[in-house]
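Heads up, the thing below is written out as structure tokens.
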Amino acid sequence: MQTLAEGLRLPTNGLDYAILAIYFVVVLGIGFMARASVRTSLDFFLSGRSLPAWVTGLAFVAANLGATEILGMAATGAQYGVAVVHWYWIGAIPAMVFLGLVMMPFYYRSKVRSVPEFLLQRFDKSAHLLSSVLFAFAAILIAGVNLYALSIVVEALLGWPQWVAIVVAGLFVLVYITIGGLSSAIYNEVLQFFVILAALIPLTVLGLKRVGGWDAMSDSLTKQHGGDFMTAWGGTGIGDANPLGANWLTIILGLGFVLSFGYWTTNFAEVQRALSAKNLSAAKRTPLIAAFPKIFIVFAVMIPGLVAAVIVPKIGTPDSDLTYNDAIPLLMQELLPNGVLGIAVTGLLAAFMAGMAANVSSFNTVFTTDIWQRYVVKDKPDTYYLRFGRLITAIGVLASIGTAFIAASFSNIMSYLQTLFSFFNVPMFVVFIIGMFWKRASMKSGVWGLVAGTAAAMVNYFWIYKGGIIDIPSDQGANFVSAIVGFVAGAVVMVVVTLFTAPKPEAELAGLVYGTESPSPDEELEEADKAWYRKPALLGWGAIVLAAACYIPYSF
């Protein structure tokens with residue numbers, strides 16, 4: 001992420017800082033209140049599996065609604081136009097529904113504490129250890145993106161030195177997660193969800209008013225960038241040129257299937273929220289409840305990016321001092337009065353903290369339960385792992401600071417994140433999906449599928465794309481192709497390895513492969529409640545239909 005323009009300093013006053021201070025006090029208060037419920041390692045890592053669906057659902061969407069999402073998607077809107085809706089209606093909703101209806105029963109019934117632990121049950125220790133290491137590494141990298149981006153934004157907007165922003169934000173995240181565990185992170189994410197919306201909605205409304213409404217904005221951007229800039233599918237025919245640099249096939253397969261399903265179904269920073277639900281029905285409804293606000297959040301991040309492209313027509317080009325990442329800060333400076341500005345700054349900081357906390361809390365769980373407890377220090381009392389979980393949380397925050405500056409080479413932070421997802425999440429997804437639906441998949445095929453998928457995605461990105469062997473118009477287009485390559489390579493290697501190695505005994509696959517599970521009496525009682533709002537299938541189909549309907553105005 002490039003440094004934000006120096007001219008974006010915000011005219012904050014005492015009222016704005018008072019709002020910010022109140023927010024930080026509330027955040028710490030939630031952490032101390034959650035401490036009373038943390039008695040065991042299960043309480044610390046999974047909230048004792050006791051939270052209601054509406055809480056886990058809002059935390060699920062808030063964990064993804066980090067500032068990298070807000071700044072990155074606004075940047076994507078300024079750079080690529082209305083095509084940003086693909087990341088939500090194709091790149092999120094179907095996968096969230098699939099997670100709730102198909103994959104959560106496997107996760108929840110198996111009583112696993114993490115996503116990699118499921119691979120231990122389905123495959124073997126080698127697949128489990130490799131997936132744990134890959135996930136822990138990716139979680140620290142992504143948490144580092146949030147922390148680095150926060151320091152750059154706070155320095156530009158408020159004048160704080162970078163090290164002050166890093167220490168303050170890192171300290172607050174560290175304190176409330178270390179004290180209250182996952183419950184503290186989740187309840188703070190629910191608060192952060194509403195604070196973030198309180199920041200984005202005024203920015204969107206005032207931004208549209210500034211440029212004369214949607215029609216005037218659309219006319220201006222169409223003149224600047226061509227008609228395809230304001231349509232979702234315009235110019236996406238194979239061989240056609242469009243702002244995104246991707247065709248309909250790579251959008252649907254690369255983003256809509258491989259990247260999307262790889263992220264939403266195997267990224268433990270998200271799945272952890274559903275695993276903390278009080279029962280299977282609540283766990284299944286968690287991503288489905290989150291899908292509904294996800295449908296509409298795209299407008300609150302896309303429109304500010306489009307407005308910024310109207311206000312500064314050359315944003316992101318060598319002729320302008322502003323990068324695409326400056327879209328949100330620019331509108332905050334241009335449009336918001338004091339008080340509302342304080343809420344917006346608080347919302348931005350809340351978003352950074354939500355994204356960082358989600359990755360740190362998932363990192364401490366995976367490192368403690370899947371690596372340390374399983375392979376390093378075994379058979380200790382539960383209190384030992386509770387203490388170690390708190391220690392590794394501090395180490396994770398420090399490591400995030402160390403990895404933060406890797407993101408500096410990317411002018412669009414969403415490109416960086418999508419690159420990470422294609423390297424780490426996609427290979428894990430192909431192993432999960434084949435293991436869940438193919439009983440014959442052997443124990444050794446899991447680890448080799450992970451190795452092949454990760455290696456193939458990296459080779460495609462760093463050698464074939466960056467080396468100029470194949471001309472791909474944009475980083476985002478390259479990420480879609482890398483995701484497809486990683487998925488295909490992982491799947492092919494799993495099939496080949498399975499042909500030459502022994503399958504897992506069928507008796508050990510119960511509840512781990514589709515069609516082998518049977519509901520427990522408690523689950524049958526849960527399903528006996530026929531209220532419409534408790535039916536996951538109805539919620540899921542409703543989200544998909546609503547997301548598809550939103551495409552209609554952007555299809556022409």
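Because the structure is a prediction, the values reported are computed rather than measured. Throughout, residue positions are numbered sequentially from 1 according to the sequence presented.
For Phe257 and Phe429, the distance between ring centers is under 6.0 angstrom. Ring to ring, Phe261 and Phe98 are close: their centroids are under 6.0 angstrom apart. Side-chain rings of Phe432 and Phe118 approach one another, their centers coming within less than 6.0 Å. Aromatic ring centres of His128 and Tyr375: separated by under 6.0 Å.
Pairing each heavy atom of Ser442 with each of Ala502, the nearest pair is CB-O, 3.1 Å. Here the shortest heavy-atom pairing between Ala290 and Gly57 reads CB-O, 3.3 Å. Heavy-atom minimum distance, Ala143 versus Val360: CB-CG2, 4.2 Å. A pairwise comparison of heavy atoms in Ala543 and Phe292 identifies N-CZ, 3.7 Å as the closest pair. Taking each heavy atom of Ala291 and Ile93 in turn, the nearest pair found is O-CD1, 3.4 Å. Contact between Thr178 and Arg390 at its shortest, heavy atoms only, is O-NE, 2.6 Å.
In terms of modelled atom types and a separation under 3.5 Å, the side chain of Arg440 and the main chain of Thr498 share a donor-acceptor contact. Not one N or O on the side chain of Arg273 forms a donor-acceptor pair closer than 3.5 Å with the backbone of Ala63. In terms of modelled atom types and a separation under 3.5 Å, the side chain of Ser445 and the main chain of Ala441 share no donor-acceptor contact. No donor-acceptor distance shorter than 3.5 angstrom exists from the side chain of Ser184 to the backbone of Gly181, with no hydrogens or angles considered. Of the possible polar contacts, one joining the Asp43 side chain to the Thr40 backbone as a donor-acceptor pair under 3.5 Å is found. The backbone N or O of Gly91 lies less than 3.5 Å from a partner atom in the side chain of Trp264, making a donor-acceptor pair.
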(message) Set out, in order, the CA-CA distance, both residues' side-chain angles and the distance that settles side chain to side chain contact (heavy atoms under 4.5 Å, CB included) for Tyr385 and Lys380, then state yes or no.
(response) CA-CA 7 Å; Tyr385 298 110; Lys380 288 285 188 179; 3.5 Å; yes
(request) Quick one: do Thr286 and Thr56 satisfy side chain to side chain donor-acceptor pair (under 3.5 Å)? Show the steps, please. (result) CA-CA 6 Å; Thr286 293; Thr56 55; 2.7 Å; yes
(message) Walk me through whether Phe363 and Thr393 qualify under side chain to side chain contact (heavy atoms under 4.5 Å, CB included).
(response) CA-CA 8 Å; Phe363 164 78; Thr393 300; over 6 Å; no
(request) Show the numbers, then the answer: is there a side chain to side chain contact (heavy atoms under 4.5 Å, CB included) between Phe45 and Arg113? (result) CA-CA 8 Å; Phe45 295 122; Arg113 292 167 294 179; 6.0 Å; no
(request) Give the C-alpha distance, both sets of side-chain angles, the deciding distance and a yes or no for side chain to side chain contact (heavy atoms under 4.5 Å, CB included) between Leu391 and Arg387. (result) CA-CA 6 Å; Leu391 172 64; Arg387 289 196 304 272; over 6 Å; no
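Under 3.5 Å, the side chains of Tyr263 and Asn64 contain a donor-acceptor pair of N or O atoms.
Leu512 contributes atom CG, which lies 5.5 Å from atom CD of Gln121 (distance to the nearest 0.5 angstrom). Met428 CE to Ser131 OG: the interatomic distance, rounded to the nearest 0.5 Å, is 5.0 Å. To the nearest 0.5 Å, atom CD of residue Gln192 and atom CG of residue Leu65 are 10.0 Å apart. With rounding to the nearest 0.5 Å, the separation of CD in Gln373 from OG1 in Thr368 is 8.5 Å. Between the CG atom in Leu101 and the CZ atom in Arg285 there is a gap of 12.0 Å [rounded to 0.5 Å]. With rounding to the nearest 0.5 Å, the separation of CG in Leu255 from OG in Ser422 is 12.0 Å.
With a 4.5 Å cut-off on side-chain heavy atoms, Ser41 and Tyr384 do not count as touching. Counting heavy atoms from C-beta outward, Ser276 and Arg49 have side chains that stay 4.5 Å or more apart. Within the 4.5 Å cutoff, the side chain of Thr266 has no heavy atoms near those of the Val426 side chain. Within the 4.5 Å cutoff, no side-chain heavy atoms of Val481 are placed close to those of Tyr465. By the 4.5 Å heavy-atom criterion applied to side chains, Lys284 and Tyr107 are not counted as neighbours. Taking the side chain as every heavy atom from C-beta outward, Ser126 and Lys444 approach each other to under 4.5 Å. Two residues are said to be in side-chain contact when any heavy atoms from C-beta on lie closer than 4.5 Å; Leu509 and Arg122 meet this criterion. Inter-residue side-chain proximity for Ile140 and Phe367 is flagged as unmet; no heavy-atom pair is nearer than 4.5 Å.
Ring geometry, Trp372 versus Phe388: the interplanar angle falls under 30°, so the pair is classed parallel (tilted spans 30 to 60°).
Heavy atoms of other residues, nucleotides or ligands lying less than 6.0 angstrom from CZ of Phe137 number 12 at most. Heavy atoms of other residues, nucleotides or ligands lying less than 6.0 angstrom from CD of Glu506 number 12 at most. The environment of CZ in Phe32 is sparse: at most 12 heavy-atom neighbours from other residues, nucleotides or ligands sit within 6.0 Å.
A side chain to side chain contact (heavy atoms under 4.5 Å, CB included) with Ser114 is found for one member of Val366, Leu275, Leu119 and no other, namely Val366.
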